[in-house]
Participant: 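First the structure, then my questions, so here it is.
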Number of protein chains: 2
Amino acid sequence: MSDFENLKLENQICFPLYALSRKVIQLYKPLLDKYNLTYTQYITMLVLWEKENISLKELGKKLYLDSGTLSPVVKKLVKQGLVEKYRSQADERIVELRLTAGGREMKEDAVEIPEKLYSQFEGDPETLVKLKNNLDQVLSQFKDES
Amino acid sequence: MSDFENLKLENQICFPLYALSRKVIQLYKPLLDKYNLTYTQYITMLVLWEKENISLKELGKKLYLDSGTLSPVVKKLVKQGLVEKYRSQADERIVELRLTAGGREMKEDAVEIPEKLYSQFEGDPETLVKLKNNLDQVLSQFKDES
DNA sequence: ATTAATTAAGTTGAGTACAATTTAATTATA
DNA sequence: TATAATTAAATTGTACTCAACTTAATTAAT
């Protein structure tokens, strides 16, 4: 019964997930360079473009990232004038983020980013829709575990 | 026409890819700790368990990783006695890797890793198969681009 | 045969990820 | 109410990822 099939790279589910994730982030890079954003900074801006006021805690929940990752990311965005940071008056432990006018302005131009990214995909767009549905479904099964 | 739908986090394809990838790697962690392997070290071992002799270059091609990532990873595996490293006699630029007896031994126990990982997935296993097929399909469209 | 171009690894620096710890503020409890 | 427990951020340390650069070896071109 020495069956090593499950140890073959091609049979891993996580590996194409991990490889494709990095690949797509690399595709974003030239598009984001124009805005001086990294991918992590970009998805932070996506959240702020939807909700201009949000706590760091809430942001982390949406992005599945903790303060160890987000603190330095937000610090950078503040430095670039896209975000303001202040302590909540009601609870001094909480850091609140607020989109600045400059950050709001960037949104207008940034609509080109997903457009240009998707235009780079050859093949059936339906494949991407299916993929996204699959990913969301599987991700939801772990959402509240850890 | 100020349509910001494509800038919503929930409409991103890359984000669930990125989030799920990190989530699954976190699920591997407790399983890999037992073997003193990180995820990146683990997928390197997967390759070596399939092909006991391989150049660093070839390894990088399979994992979509460059020497900047792999050099230190391999150095760790050598230190742990799982892999041997030597320069090719035919071409001194090339570093060849060889699985050691200890590395081969680990394979026997490591079959439990994918088993235990998959057992943690609730929901229909068919969903995972579909996901993997989707990922492979999309990944193959970028394989030779960069 | 020399020189130029290419190739494979390795190194460096910036930016994540994440576990673990620390600090400060708030809430719960004896 | 004083103390304990909890919570949110920040910090620290380890490891990965990748672009850019360096070094050494090989191959191509003059």
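Computed from a predicted structure; not experimentally measured. Every heavy atom of this structure was used, including side-chain atoms; hydrogens, water molecules and symmetry mates were not.
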Participant: In whole Å, I'd like the distance from the NZ atom of B:Lys61 to the C1' atom of C:dA9.
Facilitator: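 Distance check: B:Lys61 NZ to C:dA9 C1' gives 17 Å.
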Participant: Just the rounded figure in Å: distance from C1' of D:dT14 to CG of B:Asn36.
Facilitator: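 Those two atoms, CG and C1', are 13 Å apart.
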Participant: Under the criterion side chain to side chain donor-acceptor pair (under 3.5 Å), I'd like the reasoning laid out for A:Glu115 against B:Asn6: C-alpha separation, chi angles, the key distance, then a yes or no.
Facilitator: CA-CA 8 Å; A:Glu115 278 169 18; B:Asn6 286 340; 5.0 Å; no
Participant: Roughly, in whole Å, what's the span from CG in A:Leu27 to C1' in D:dC18?
Facilitator: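 Rounded to the whole Å, the gap is 14 Å.
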Participant: Figure out the CG/C1' separation between B:Asp91 and C:dT6, and round it to whole Å.
Facilitator: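 Between C1' of C:dT6 and CG of B:Asp91: 12 Å.
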Participant: When rounded to the nearest 0.5 angstrom, what distance separates CE in B:Met45 from NZ in B:Lys107?
Facilitator: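 One finds 10.0 Å between CE of B:Met45 and NZ of B:Lys107.
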Participant: How does protein reach along nucleotides 10-23 of chain C, written 5' to 3' as B (base within reach of a heavy atom under 4.0 Å), S (only sugar-phosphate), or - (no contact)?
Facilitator: BB---SSBBB----
Participant: In Å, rounded to the nearest 0.5 Å, how long is the span from CG of A:Leu37 to CD of A:Gln80?
Facilitator: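 Going from the CG atom of A:Leu37 to the CD atom of A:Gln80 covers 6.0 Å.
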Participant: Could you tell me how far apart A:Lys57 (NZ) and D:dT6 (P) are, to the nearest whole angstrom?
Facilitator: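 Computing the A:Lys57:NZ to D:dT6:P distance gives 14 Å.
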Participant: Does A:Glu112 come within less than 4.0 Å of A:Lys34, counting only side-chain N to carboxylate O?
Facilitator: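 Between A:Lys34 and A:Glu112 there is a salt bridge, with a charged N closer than 4.0 Å to a carboxylate O.
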Participant: Output yes when B:Glu84 and B:Arg98 qualify as a salt bridge under the 4.0 Å nitrogen-oxygen rule, no when they do not.
Facilitator: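 B:Arg98 and B:Glu84: salt-bridged.
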Participant: Nearest-Å distance, CD (A:Glu58) to C1' (D:dA9)?
Facilitator: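 The answer, rounded to whole Å, is 15 Å.
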